[in-house]
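Notes follow once the structure below has been shown.
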Amino acid sequence: MADILLTAVINKFVEIAGNLLFQEGASLYWLKEDIDWLQREMRHIRAYIDDANTKATRGDLRVKNLIKDIQELAGDVEDLLDEFLPKIQQSNKCEGTICCLKTTCIPSRASFANEFAIEIEKIKKRVADIDRVRTTYNIIDTSNNNDCIPFDRRRLFLYIDETEVVGLDDDFNMLQAKLLDQDSPYGAVSIVGMPGLGKTTLAKKLYRHIRDQFECSGLVYISQQTRVGEILLDIAKQVGLPEGERKDNLESNLRSLLKIKRYVILLDDIWDIEIWDDLKLVLPECDSKMGSRIIITSRNSDVGRYIGRDSSLHVLQPLDSESSFELFTKKICNFDNDDWANTSPDLVNIGRNIVGRCGGIPLAIVVTAGMLRARERTEHAWSRVLESMSHIIQDKCAKVLALSYNDLSYTLRPCFLYFDLYPEDHEILAFDLKNMWIAEKLIVVNNGNRREAEDLAEDVLNDLVSRNLIQVAKRTYDGRISSCRIHDLLHSLCVDLAKESNFFHTKHNAFGDPNNVARVRRITFYFGNVMNAFICSNPKPKKLRALFCFTKDLCILSLMAHIGFKFLQVLVIVMPQNENQQLTTIPIKIGDMSCLRYLRLEGGISGELPSSIVKVKHLETLDVRKSSVTIPSGVWKSKQLRHLRDRGFRHAPSNMYSLPNNLQTLMWMHDKFFRPIFSHQLINLRKLGIIVVSNSTIRILSVSSPMMPNTLEVLKLRLAGLTSEQINLSSYQNIVKLHLCELQIDSTDSVAFPPNLVKLTLVDHPVDRQLLAVLKKLPKLRILKMDHCKYNEAKMDLSCDANGDSFPQLEILHIQHPFLLSKVICKDDVSMSKLKKVLITGASPGIRLPERLAKLRI
């Protein structure tokens, strides 16, 4: 969809606007008028595209062709900016320096500026031609009648007879008890979850079971296109407001009636908080003593949270396998009086496989069962359906799922589509995802915004999770998203939308049409031979922005040695680990990828990055931590570098006084390269890991005045061996996560921890009563993990001590592979009052736990 490309183009203008070369009096100021025109035009076209897409979905071929022209135009403008921006930045370095006096520099700047101006003139002609086509062929009124709200079939579903509710008995009972609790004050119940889970079905069953216990009731369908007046009129009719009072002063009369009535109202499919802000002006205050209730359904958890606070949220989950199959069989037999008694075991197994492909989504199960009812009940017929399941389900559910996509903002849409670059059911690290968004300029920081791009990217990820489009797999120590995944049904939606918009291509649709191949912008390969075929058909993939390779074929790297990736911004190569892996030659040509901002090499790849990597001036993320690749010292010259992750740097920076001050992540650095000067150079560092930590580094870190920047939040130290130095980290107020590995000290009370520590991991560390006494005092410690630790006393006493210290905030206790530990003691009910989970892994079954901790063990 052209709106995605247009958003990418507009984001790049933000970067251009901040360049000094275009300020008044600068050398390229004469281009500012053209650049401003181009930005304005792209914004106007994007505003037009939303309406045009609506008309295109109704089958208007003229609009579809026009959108395709706009899409190609937007792509070419992005190419122009990606080619021009590096030259701007290179020229900016010359501005005000001695190189501007050289005659060789001046023609070069004038040359690319003139070339850029010529290209803008070409763009102007294409914009004019698109406008000509729009008017010549009467493609003007794209929205048809703005006063007409399109008919939505889901509105009818709210009023039809009760549908089958399977697998939601626990949800139903819990919510019914909550709604009928007489002692509970007025409140709302918010049923939220991804599309297709049965939110409306459950809400409708609840409403119909409890409405007779209220004085009046009403159910209304909200939708994305709605009017408050119509909703209020609908409610007024259902709750019994006389017709005369509905004609004049509707809002006031309805509010007066509801203030004296005990009512229940179902608001189905509410999309945003603005509609609620209008409705709540009429519905009585939340502190009413009447015991009224509101049931809402929404795809957005934030909407439910806004209306009824966290306590109102009820998040629906996909059905388990048995409930899924029960729903399937009921729908299959809906019009037949038979059951599965006479069905062959083989057909039943095929049915179970079909249900498994539905991923526990009731909508997918129902539409699939409905389709199977129209086919013969034979193994052959059902096997044919099973073979094409993904396409069938996607086609049947597309309209319902696409509503969630259409509700996304311009910023969120490309970020959501980025999930299609990963395989189905793949667990995706939030760190990787956010930094790839940033690398492709899908996330940009506007002038005047002091927040980091990483923080803005985190907001976007949280928004997608709140909309129940993305599922959280793991969270970090402070509740942030650590990894996530996308449901297969929504992944299929991503792939279809991405292909339609030329955002992403698969191995299946990247071939054939030469024009299609030439415009591929993002692609994922799973086999080296497929990539080889792609390169043969497209030897110069000049428009490629992101390349993902999940493969075991090392030929991928050799193929890259012969290709020029002019605009490539994201490169990810993941190979399986191989015990007999050989050294790999990483092509020197990687240094020619001038636009590369994100590089991740993972798995069975070994060798050294070529020194040409220093030519990649815009590199922001370099991650080889999960590979055997080594990094050359020249990488320290990459001034834009924000995240550097390695197993252990083997080369020191050539100039300790010129380090990338944008660096936020540095994992892992060898102790021999660590210097106090880092605190002055790495002023934005958030995460630091040091290996083979020596006594000298301990002394540097343990001074009373912190030697590291106050931005540091995570510190990981892997020590070299026995040390007599006291590790004093008490001056680091902002460190919230600490990892100490292989710490061998004379006395366990010689460690002073950061005062605001939230998570502490101790690996191969002696544990005794002195250490525990220190840990019990940490006021904010919520997660304590002890891995391969030695318990010399054979026990661990977590009881409250004489001073009253007792892990006041501890929520998770994780003991992994303990050595010599036979029992854990907790003599009182005061200590660890907030403990929620106890995990003991890799331990002998004979470890004795107190009853309270045993109940919390998972």
> In Å, rounded to the nearest 0.5 Å, how long is the span from CD1 of I735 to CG of N710?
Replying inline: 11.0 Å

> Regarding T697 and D671, is there a side-chain donor-to-acceptor distance under 3.5 Å anywhere?
Replying inline: yes

>> Looking at S831, is its backbone amide N or carbonyl O close enough to the side chain of D828 to form a donor-acceptor pair, meaning the two atoms are under 3.5 Å apart?
In response: yes

>> By the definition side chain to side chain contact (heavy atoms under 4.5 Å, CB included), identify the one residue from I631, L666, D623 that meets it with R645.
In response: D623

> Does a donor on one side chain and an acceptor on the other come within less than 3.5 Å for S190 and S312?
Replying inline: yes

> Got a second to check how far E454's CD is from Q664's CD, nearest 0.5 Å?
Replying inline: 4.0 Å

> Any side-chain donor-acceptor pair under 3.5 Å between T761 and D787?
Replying inline: no

> Crowded around D170 CG? As in, over 12 foreign heavy atoms under 6.0 Å?
Replying inline: no

> Between S298 and N300, is any side-chain donor less than 3.5 angstrom from a side-chain acceptor?
Replying inline: no

> For C741, does its backbone N or O pair with a side-chain atom of D764 as donor and acceptor, under 3.5 Å?
Replying inline: no

> Is it the case that more than 12 heavy atoms not belonging to K178 sit under 6.0 Å from its NZ atom?
Replying inline: yes

> Does NZ or CZ of R718 come closer than 6.0 Å to the centre of the six-membered ring of W668, within 45° of the ring's axis?
Replying inline: yes

>> If we ignore hydrogens and angles and just use 3.5 Å, is the side chain of D455 paired with the main-chain N or O of R451 as donor and acceptor?
In response: no

> Are side-chain N/O atoms of K780 and Q809 paired as donor and acceptor at under 3.5 Å?
Replying inline: no

> Can any side-chain N or O of S730 pair as donor or acceptor with the backbone N or O of A752 at less than 3.5 Å?
Replying inline: no

>> Looking only at the side chains, is there a donor atom on one of E602 and S627 sitting less than 3.5 Å from an acceptor on the other?
In response: no

>> Pairing donors with acceptors under 3.5 angstrom, does anything connect the side chains of H643 and T621?
In response: no

> With distance as the sole test, does T711 use its side chain to make a donor-acceptor pair with the main-chain N or O of L685 at under 3.5 Å?
Replying inline: yes

> Can you tell me if D768 uses its side chain to pair, donor with acceptor, with the backbone of E793 under 3.5 Å?
Replying inline: no

>> Using the side-chain contact (heavy atoms from CB on, under 4.5 Å) criterion, which residues pair with K737? Sequence neighbours excluded.
In response: Y477, V714, K716, K759

> Mind checking whether L760 and I783 have side chains closer than 4.5 Å, heavy atoms only?
Replying inline: no

> Does F431 offer a backbone N or O that forms a donor-acceptor pair with the side chain of N435 under 3.5 Å?
Replying inline: yes

> Are side-chain N/O atoms of D432 and Y598 paired as donor and acceptor at under 3.5 Å?
Replying inline: yes

> Does one side chain, of S466 or D302, offer a donor that lies under 3.5 Å from an acceptor on the other?
Replying inline: yes

